[in-house]
Undergrad: 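Once you've had a glance at the structure underneath, I'll fire off some questions.
Treat the numbers as computed from the prediction; the structure is a model and nothing was measured.
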Amino acid sequence: MRMCLVACAALIFLPVAGHAAPASTTALPELDIDAQDTSLLDKSSGATTLAPETIVRQRLHGPDSAALFSQVPGVSLWSNGGISSLPVINGMADDRVATVVDGVRIQAACPNHMNPAMSYIAPDMIETATAIAGITPVSMGGDSTAGTIDVERRDPKFARRGKVLITGQARGAYHSNGNGWEGSASATTANDWLSLNYTASYAARGNYHAGGGEGVVRSSEYKAASHAVTLGLHKGGNLLALTFSQTDTPYEGFPNAYMDMTENRSTDVHGKYTGAFDWGTLEVRGYWQRVNHVMNDLSDKGGHTWNTGMPMNDNSRMAGYSIKATIPMGSWNTLRLGDGFDHQGLSDWWPPLPGSMMMGPGTFRNINDGHRDRLGNFAEWESHPAPRVRTLLGLRSDVVMMNTGSVSPYATSMSGGMTGMSGMSGMAATETAAANAFNAEDHRHTDVNFDVTALARWDATDRLSIEGGYARKTRSPNLFERYTWGRSQMDSTMIGWFGDGNGYVGNNNLTPEIANTASFTADFHDRKHEVWAVSIQPYYTYVHHYINVNRLQTFSNGFAQLQFANHNAQLYGVNVGAHARLWNSPVWGKGAASTKIDWVRGQDLVTRTGLYHEMPANGTVALDDTLGAWSAHGEVQLVKRKSTVDVLRNEPRTPGYALLNLSGRYRWRFALFELGLDNVFNQHAYLPLGGVSLGDYIATGSLRPLALMGRSVNASVTASF
């Protein structure tokens, strides 16, 4: 059987044996000492912009947009739902990463972060995707302590003067593991000044099977659909684009959470204006988003009816704007100025369950009319003081204002008042005491945060570029970190986006995190930046007031109740990326090899434990080849055993593993055919950042780490017109 699988994989790979330009590598531009218009934002060694062919190839694995960055040096993924992975940059994840979609920072409206920003845009909708794993300029991220993920959908297309443009494409895909189906379509009609585009996507998949014949991984199914209409106006150097979109997720299982998503609807409007003037360029964005989110138990966790399960509801409203002006100051200097405002209003309530002694008689209000408003401003100066030297200096301020209303436990009577303490169950008494203590506090917070970025790049020779920098970055707590108040076991275990099975309690006294990062990068490359390149980037980050946890108690089942708390922490590591052209001939096509190696270590300096979910040493070796209309890709993923863990969270240790993935593509006229084989040898492995498999634990009583997906045959057909 294994020999047959190897033979099938070889058939995929045989048409072209090699590797084209690296799939996702840091752009290494040709040295041009007279290029005064090249920005350090584009030349920085820490910035990786995915090539279009990389986006096309990575989407073959599935509809999780965050997974597009999985091969970028310094980037890994916290496992979450099938379309909701949380990106990690240099060991820091989720809210610590500035995740920007169409110029907007979207906050998760869920106490389990089931609806992160990247879950609202399908891979087929993404035109550009950039990850910054080094020093993040202040113009590209605030209110964060790690790097930046930035994705943009396609700008409107326009016809030539006097012409009419009608264009579009459709795609269908299938995944054998989990019987997954995907579909997308996009159509545009335009003249030279007006453009109208409609885009839709759909994805559904059942529970996937782990490798090695270990059986199904429960609560890993999903179904989602999205629609977007974009109206574009173009005249001279001005572009206006308005996008109206809606994303529906009828259900999404979360194998490492107690809850599942049983409904999520996002409706939003995005506006973008760019204009070129005599003094420079102007970019203005505005947005409004409404999210209605419902959690309960899918069938793997017992299911739900009108009087069973565990209903939890969220209602979020977000709105904001950003303005950025880029002003050339002579031939050697550029000034960027920016202003922006983001509002998040959130209510998180858990309706009573009819007939339940625990979940009733009233509504449990976890966050009642909470809000988090951020006003940000920045100034950034880029200079070219010498032909081979570029510098960047930025200052940023973010004022974060937060507040929330009074809360209530399940023990609230239907008339709105809390029941007396006498005769209460232990859980009800705990809830009532916690709610009274929370309501007695002042919840208003105003954090005045400052960021500083200093970056310099020296093209020392035609074959060596050296870049170094320092960044002071600040992040204020999110609404759940500050305002989650429940102290019973059930209440606290409904909170947490960590996949560890523990319960979490907020802390009204949290202060913002302040991260100080120093990074150095050496880029070695051939003279024309065409044949080979090696990038080595060590970094060190010290985080003052890092938001970690203290243990409050240990439950009878071995899980813990944890409270968010400010500690000090440090992270250090190195990212290595390399690529080389191996051959270029009419017979064998264009072939190249690429690799990435990441190593990070995070330590809590108060508890003297490892930081949670730090990826062990890992790397990828890939080979690509392109010959005419054929192309092929093969990669080996190597992950070391995870031995450094966070003992406060009972984080599991996981063994190392190696995976082989193969894929091939063929272009014929207006069609693209893709075929891939993931985890060729059906290797059994556990995800180092997957947490514990709670869906399996609830069903079987056996606790284990979350298992990696087994072998999957992936096929895709794309047609364009």
Undergrad: Could you note down all residue pairs passing salt bridge (Lys or Arg N to Asp or Glu O under 4.0 Å) where residues 119-129 supplies at least one of them, sequence neighbours left out?
TA: Arg59-Asp124, Asp124-Arg171, Glu127-Arg154
Undergrad: Short question: side chain of Asn90, backbone of Ala133 - any donor-acceptor pair under 3.5 Å?
TA: yes
Undergrad: Report the residues that fulfil salt bridge (charged side-chain N to carboxylate O under 4.0 Å, His left out) with Asp143, sequence neighbours left out, ordered by chain and then residue number.
TA: Arg372, Arg374
Undergrad: State, to 0.1 Å, how close Lys473 and Gly141 come at their nearest heavy-atom pair, and which atoms those are.
TA: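 Looks like NZ-O, 3.7 Å.
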Undergrad: Please, which pairs that meet ring pair (Phe, Tyr, Trp, His ring centres under 6.0 Å) have at least one residue in residues 126-154, sequence neighbours excluded?
TA: none
Undergrad: Show your working on side-chain hydrogen bond (donor to acceptor under 3.5 Å, both in side chains) between Ser245 and Asp268 and close with a plain yes or no.
TA: CA-CA 6 Å; Ser245 65; Asp268 59 274; 2.8 Å; yes
Undergrad: Under the side-chain hydrogen bond (donor to acceptor under 3.5 Å, both in side chains) rule, collect the residues that match up with His445, sequence neighbours excluded.
TA: Asn508
Undergrad: Look at the rings of His443 and Tyr483 and say which category their plane angle falls in: under 30° parallel, 30 to 60° tilted, over 60° perpendicular.
TA: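 Ring orientation of His443 relative to Tyr483: perpendicular.
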Undergrad: Charged N to carboxylate O under 4.0 angstrom, Arg285 versus Asp102?
TA: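 No, no charged N to carboxylate O under 4.0 Å.
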Undergrad: Can you sort out the partners of His293 under ring-ring contact (aromatic ring centres under 6.0 Å, His included), two or more places apart, ordered by chain and number?
TA: none
Undergrad: Parallel under 30°, tilted from 30 to 60°, perpendicular over 60°: which one fits the rings of Tyr273 and Phe277?
TA: tilted
Undergrad: From the options Ile106, Thr247, Ile126, select the one residue that forms a side chain to side chain contact (heavy atoms under 4.5 Å, CB included) with Ile121.
TA: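 Testing Ile121 for a side chain to side chain contact (heavy atoms under 4.5 Å, CB included) against Ile106, Thr247, Ile126 leaves exactly one candidate, Ile126.
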Undergrad: Would you sort out whether Thr453 and Thr136 count as a side chain to side chain contact (heavy atoms under 4.5 Å, CB included), showing the intermediate values?
TA: CA-CA 7 Å; Thr453 293; Thr136 301; 5.9 Å; no
Undergrad: Other residues, nucleotides and ligands only: do more than 12 of their heavy atoms fall within 6.0 Å of CH2 on Trp381?
TA: no
Undergrad: Checking Arg388 against Asp462 for the salt bridge (Lys or Arg N to Asp or Glu O under 4.0 Å) test, could you report, in this order, the C-alpha distance in whole Å, the side-chain angles of both residues, the deciding distance, and whether it holds?
TA: CA-CA 10 Å; Arg388 292 176 179 264; Asp462 291 342; 3.6 Å; yes
Undergrad: Testing Ile547, Asn566, Val400 for side chain to side chain contact (heavy atoms under 4.5 Å, CB included) with Pro477, which one passes?
TA: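 One option only clears the test, and that one is Ile547.
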Undergrad: Just to verify, what does Thr148 make a side-chain hydrogen bond (donor to acceptor under 3.5 Å, both in side chains) with, not counting sequence neighbours?
TA: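 Counting only residues at least two positions away or on another chain, Thr148 forms no side-chain hydrogen bond (donor to acceptor under 3.5 Å, both in side chains).
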Undergrad: Does Gln246 form a side-chain hydrogen bond (donor to acceptor under 3.5 Å, both in side chains) with Asp248? I'd like the steps, not just the answer.
TA: CA-CA 7 Å; Gln246 181 169 293; Asp248 285 289; 3.1 Å; yes
Undergrad: Donor-acceptor pair, Ser195 side chain versus Lys157 backbone, under 3.5 Å?
TA: yes
Undergrad: As a quick check of understanding, evaluate side chain to side chain contact (heavy atoms under 4.5 Å, CB included) for Leu571 and Met92, giving each step before the final call.
TA: CA-CA 9 Å; Leu571 302 98; Met92 292 191 282; 4.0 Å; yes
Undergrad: According to ring-ring contact (aromatic ring centres under 6.0 Å, His included), who are the partners of Tyr540, at least two apart in sequence or on a separate chain?
TA: none
Undergrad: So, using side-chain hydrogen bond (donor to acceptor under 3.5 Å, both in side chains) as the criterion, who are the partners of Thr391 when residues are at least two apart?
TA: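 Thr391 satisfies side-chain hydrogen bond (donor to acceptor under 3.5 Å, both in side chains) with no residue once adjacent residues are dropped.
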Undergrad: State, to 0.1 Å, how close Thr474 and Arg472 come at their nearest heavy-atom pair, and which atoms those are.
TA: OG1-NH1, 3.5 Å
Undergrad: Would you sort out whether Leu233 and Trp193 count as a side chain to side chain contact (heavy atoms under 4.5 Å, CB included), showing the intermediate values?
TA: CA-CA 6 Å; Leu233 299 172; Trp193 64 274; 3.8 Å; yes
Undergrad: Which residues satisfy the side-chain hydrogen bond (donor to acceptor under 3.5 Å, both in side chains) test with Glu380, sequence neighbours excluded?
TA: Ser139, Arg336
Undergrad: Do Tyr120 and Val101 pass the side chain to side chain contact (heavy atoms under 4.5 Å, CB included) test, and can you show the C-alpha distance, the side-chain angles, and the key distance before you say yes or no?
TA: CA-CA 9 Å; Tyr120 293 117; Val101 177; 5.9 Å; no
Undergrad: After noting the C-alpha distance and the side-chain angles of Asp523 and Ser535, does the key distance pass the side-chain hydrogen bond (donor to acceptor under 3.5 Å, both in side chains) rule?
TA: CA-CA 4 Å; Asp523 280 335; Ser535 175; 2.9 Å; yes
Undergrad: Could you work out, with side-chain contact (heavy atoms from CB on, under 4.5 Å) as the rule, every residue matching Ser70, not counting sequence neighbours?
TA: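 Residues passing side-chain contact (heavy atoms from CB on, under 4.5 Å) with Ser70: Gln58, Leu77.
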Undergrad: Test: salt bridge (Lys or Arg N to Asp or Glu O under 4.0 Å). Region: residues 86-99. Which pairs qualify, not counting sequence neighbours?
TA: Arg96-Glu513
Undergrad: List the residues meeting ring-ring contact (aromatic ring centres under 6.0 Å, His included) with Tyr287, not counting sequence neighbours, and say none if there are none.
TA: none
Undergrad: So, does Arg105 use its side chain to make a donor-acceptor pair with the main chain of Gly142 at under 3.5 Å?
TA: yes
